[in-house]
Number of protein chains: 2
Amino acid sequence: MKREYERSLAFVKGRCTVVKRQARGRQRIREILDAALAQFAETGYEKTSTNAIAARAGMSPGSLYQYFPNKEAIADALSQRLLDELREAHAAAFDDTAVTELPLPDLVSRVVDPLVSFHVTHPGAKVLIGERGQPLHTGVADRVAALLRARSSESPDDDVRRSSAVAVQIVAALMGGIVAAPEPERSALVHELKRALTGYLNQPAGL
Amino acid sequence: MKREYERSLAFVKGRCTVVKRQARGRQRIREILDAALAQFAETGYEKTSTNAIAARAGMSPGSLYQYFPNKEAIADALSQRLLDELREAHAAAFDDTAVTELPLPDLVSRVVDPLVSFHVTHPGAKVLIGERGQPLHTGVADRVAALLRARSSESPDDDVRRSSAVAVQIVAALMGGIVAAPEPERSALVHELKRALTGYLNQPAGL
DNA sequence: AGAAAATACGAGTGGTCGCTCGTGAAACGA
DNA sequence: TCGTTTCACGAGCGACCACTCGTATTTTCT
C-alpha cells in the first residue's frame with residue numbers, strides 16, 4: 001500500500017537527515033510545540049528547560065531531539081506556527097478592500113481586537129516576542145506598514161515604516177498587561193490601547 | 001584616630017552580619033555595580049554570570065559575595081542607584097510649580113528628554129527594566145501619575161493611574177529602539193515618542 | 001606593637017541544563 | 001515474512017553557574 005509522506009528533517013546521531021515523517025511523528029511535533037508554548041508561558045524562554053518541554057509532552061529528551069536540533073529551533077517553529085494562526089485571524093482585518101475610507105478608530109479596532117483575542121487565547125505568545133528577537137513583530141509590522149501606506153500615500157516611505165514600527169511596539173508593550181488583567185480592567189486597557197493608537201496615528205506629522 | 005563608618009551588611013561564611021564599612025569596601029561596592037551595569041548591558045541579566053561581574057570588577061567571586069548575598073541583590077542595588085540618578089535628572093522636570101499651565105508638548109519634552117539622555121548614557125538600564133520586574137518603572141510611573149492628577153483634577157483616580165501606567169509603558173517600549181539607533185534616526189524616534197504621548201494624553205477620555 | 005575587624009582570594013561544590021548515544025520497539029515496504 | 005526506516009527511550013556527558021569556605025592579607029583601634 002502506497003502512502004504519501006511529508007518529507008522533513010530529522011536529527012539523529014548529531015546528523016541532520018531527511019526522513020519520511022509518519023503520522024505519529026507529525027503528531028509528536030505538534031505535542032512538542034504545544035508543550036513548549038505552555039512551558040514558555042509559565043516560566044519564560046530562558047528558564048524553560050528542554051527536558052521540561054519533553055516531560056510535559058510526555059516523551060523523553062532523546063525523542064524531542066529527533067524533531068528539533070536545539071532549543072532555539074523549537075522556539076522558531078513555535079513562532080512560525082503562531083504567526084500563521086495570527087495571519088489567519090487577521091485576514092479579515094487586512095484583506096479588505098475599503099481600508100482607505102474607514103474611519104481610523106474603526107480601523108484600529110479591526111486590527112487590535114483579533115490581536116487581543118489571539119494573545120488572550122495564547123498566553124505564551126508574548127514571551128516569544130518579549131524575550132526573543134522579533135519574528136512575530138516584523139510579520140505584523142509589515143502588514144501594518146502596507147496598510148498605512150494605502151491610507152496616506154503621500155507620506156515618505158521612511159516615515160510610514162517608522163510609524164508602523166512604533167505602533168506595533170506600542171501594541172506589544174501594552175499587550176502583556178492586557179493579557180494579565182482580569183476582565184473589567186482588561187477592557188479598559190484595550191480601550192486605552194486604541195486611544196493611544198488613534199491619538200498617535202491621527203496627528204499631522206509635523207508637530 | 002576616630003573615624004565615622006557607614007554600617008552595612010556583610011555576607012561571610014553564609015551568614016549575614018553588620019560591619020563597619022571601610023572606604024575600600026564602599027569603593028568595591030561601586031566597582032561591582034559599575035561592572036554589573038556594563039555586563040548586563042552587554043549580555044542581559046539572565047546570561048550574565050556573577051563570576052563575570054567579579055572578573056570585570058577585578059576581584060574574585062568570593063570578594064563579590066562579601067558585599068552582596070546573591071545575584072538578585074546586585075540587580076536590586078543597581079536598580080536603586082539608577083533610580084536615584086534618574087530622580088535627580090528628573091528633578092527639574094517634576095519639581096516645578098507651573099506644570100498645570102504648561103502646554104502638553106512642552107511638558108512631554110521636559111519629562112522625555114532627560115529620560116532619553118539618561119538611558120543613552122546608561123545603556124544597561126533598560127535590561128533592568130526589560131528582563132526584571134518593574135523597580136524603575138514604578139518609580140517613574142508614580143511621579144507621572146501625580147503630574148497628571150495635577151493637570152486634570154476632575155478625572156477619576158483609576159483613570160489617571162491607568163493613563164500614567166500606559167504612558168510609562170509606551171516610553172519603555174520605544175526606549176530600546178531609541179538607545180540602539182544611531183543619531184539621525186534617534187532624534188526621529190524621540191520625536192515619534194513625543195507625538196505618541198501627546199496624541200494619547202491630549203485626547204478627551206470618552207472616545 | 002598586637003589583637004580584632006574588615007577585606008581579599010580562588011579552587012571547589014552541588015546543581016542545572018542542553019544535548020548525545022547506544023539500544024530497542026514499532027511501522028513500513030517488498 | 002523480513003529487511004529497512006522511523007520512532008522512542010533515558011542514563012549520562014560536558015559545560016556552566018551561583019555560591020562557599022578555609023585561609024591569607026590589610027586596616028583599624030587601643
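The basis for the numbers below is simple: all heavy atoms, side chains too, and nothing from hydrogens, waters or symmetry mates. Order of the sequence lines fixes the chain letters, A, B, ..., with proteins taken first and strands second; residue numbering starts at 1 for each chain.
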Closest approach of B:Leu9 to B:Cys16 (non-hydrogen atoms, all atoms of both residues) |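 Heavy atoms of B:Leu9 and B:Cys16 come nearest at CD2-SG, 3.9 Å.
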
At their closest point, which heavy atom of A:Tyr45 faces which heavy atom of A:Ala75, and how far apart are they?
->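 Of all heavy-atom pairs spanning A:Tyr45 and A:Ala75, the closest is CE1-CB, 3.6 Å.
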
Exam field: side chain A:Arg151 to backbone A:Leu102, donor-acceptor pair closer than 3.5 Å =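 Yes.
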
With no hydrogens and no angle check, is any side-chain donor or acceptor of A:Ser117 less than 3.5 Å from a backbone partner on A:Pro114?
->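 Flag set: sc A:Ser117 to bb A:Pro114 pair under 3.5 Å.
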
Using a cut-off of strictly less than 4.0 Å between a heavy atom of the residue and any atom of DNA chain C, enumerate the qualifying residues of residues 16-23 of chain B by number.
->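 Listed by number, they are B:Val19, B:Lys20, B:Arg21, B:Gln22.
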
Side-chain heavy-atom pair A:Val120, A:Arg186 within 4.5 angstrom cut-off =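 Answer yes - side chains close enough.
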
So does B:Asp158 pair up with B:Arg162, basic N to acidic O under 4.0 Å?
->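 Result for this pair is no, no salt bridge flagged.
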
Nearest whole Å is fine: how far is [N] [atom2] from [X] [atom1]?
X       : N      : atom1 : atom2 : answer
A:Glu31 : D:dC7  : CD    : P     : 13 Å
B:Tyr45 : D:dC17 : OH    : C1'   : 12 Å
A:Asn70 : D:dG14 : CG    : P     : 20 Å
B:Lys47 : D:dA15 : NZ    : P     : 18 Å
A:Ile29 : D:dA8  : CD1   : P     : 10 Å
B:Met59 : D:dA24 : CE    : P     : 22 Å
B:Arg15 : D:dC19 : CZ    : C1'   : 15 Å
B:Leu9  : C:dA6  : CG    : P     : 12 Å

Toward the 5' end of DNA chain D, which comes first, B:Arg24 or B:Ser63, by nearest nucleotide?
->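 Checking each residue's closest nucleotide, the 5'-ward one belongs to B:Ser63.
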
Would you mind telling me which residue lines up with the more 5' stretch of DNA chain D, B:Gln66 or B:Lys71, judged by nearest nucleotide?
->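 On the 5' side of the pair lies B:Lys71.
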
CA sep, side-chain torsions, deciding dist, call: A:Arg56, A:Asp34, salt bridge (Lys or Arg N to Asp or Glu O under 4.0 Å) = CA-CA 9 Å; A:Arg56 187 164 195 145; A:Asp34 291 344; over 6 Å; no

With sugar-phosphate meaning primed atoms plus P, OP1 and OP2, does B:Gly25 contact a base, only sugar-phosphate, or nothing at under 4.0 Å between heavy atoms?
->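 Touches sugar-phosphate only.
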
Determine the contact category for B:Ser8: base if any of its heavy atoms lies under 4.0 Å from a base atom, sugar-phosphate if only primed atoms, P, OP1 or OP2 are that close, otherwise nothing.
->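 No contact at all - B:Ser8 keeps every heavy atom at 4.0 Å or more from the nucleic acid.
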
For [N], does OP1 or OP2 lie under 4.0 Å from any side-chain N or O of [X]?
X       : N      : result
A:Thr50 : C:dC17 : no
A:Arg28 : D:dC7  : no
A:Tyr67 : D:dA8  : yes
A:Lys13 : C:dC21 : no

Among D:dC7, C:dT7, C:dA11, the nucleotide that comes nearest once only the side chain of B:Pro61 is considered =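 Out of D:dC7, C:dT7, C:dA11, the nucleotide with an atom closest to B:Pro61's side chain is C:dA11.
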
So which nucleotide from D:dT23, D:dC9, C:dG18 ends up closest to the side chain of A:Tyr65?
->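 So the nucleotide nearest the side chain must be C:dG18.
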
Classify the side chain of A:Asn51 versus the base of C:dC19 as yes if they form a donor-acceptor pair under 3.5 Å and no if they do not.
->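 Donor-acceptor pair under 3.5 Å: yes.
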
B:Glu85 atom CD, over 12 foreign heavy atoms within 6.0 Å |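 It does: B:Glu85 CD has more than 12 such atoms within range.
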
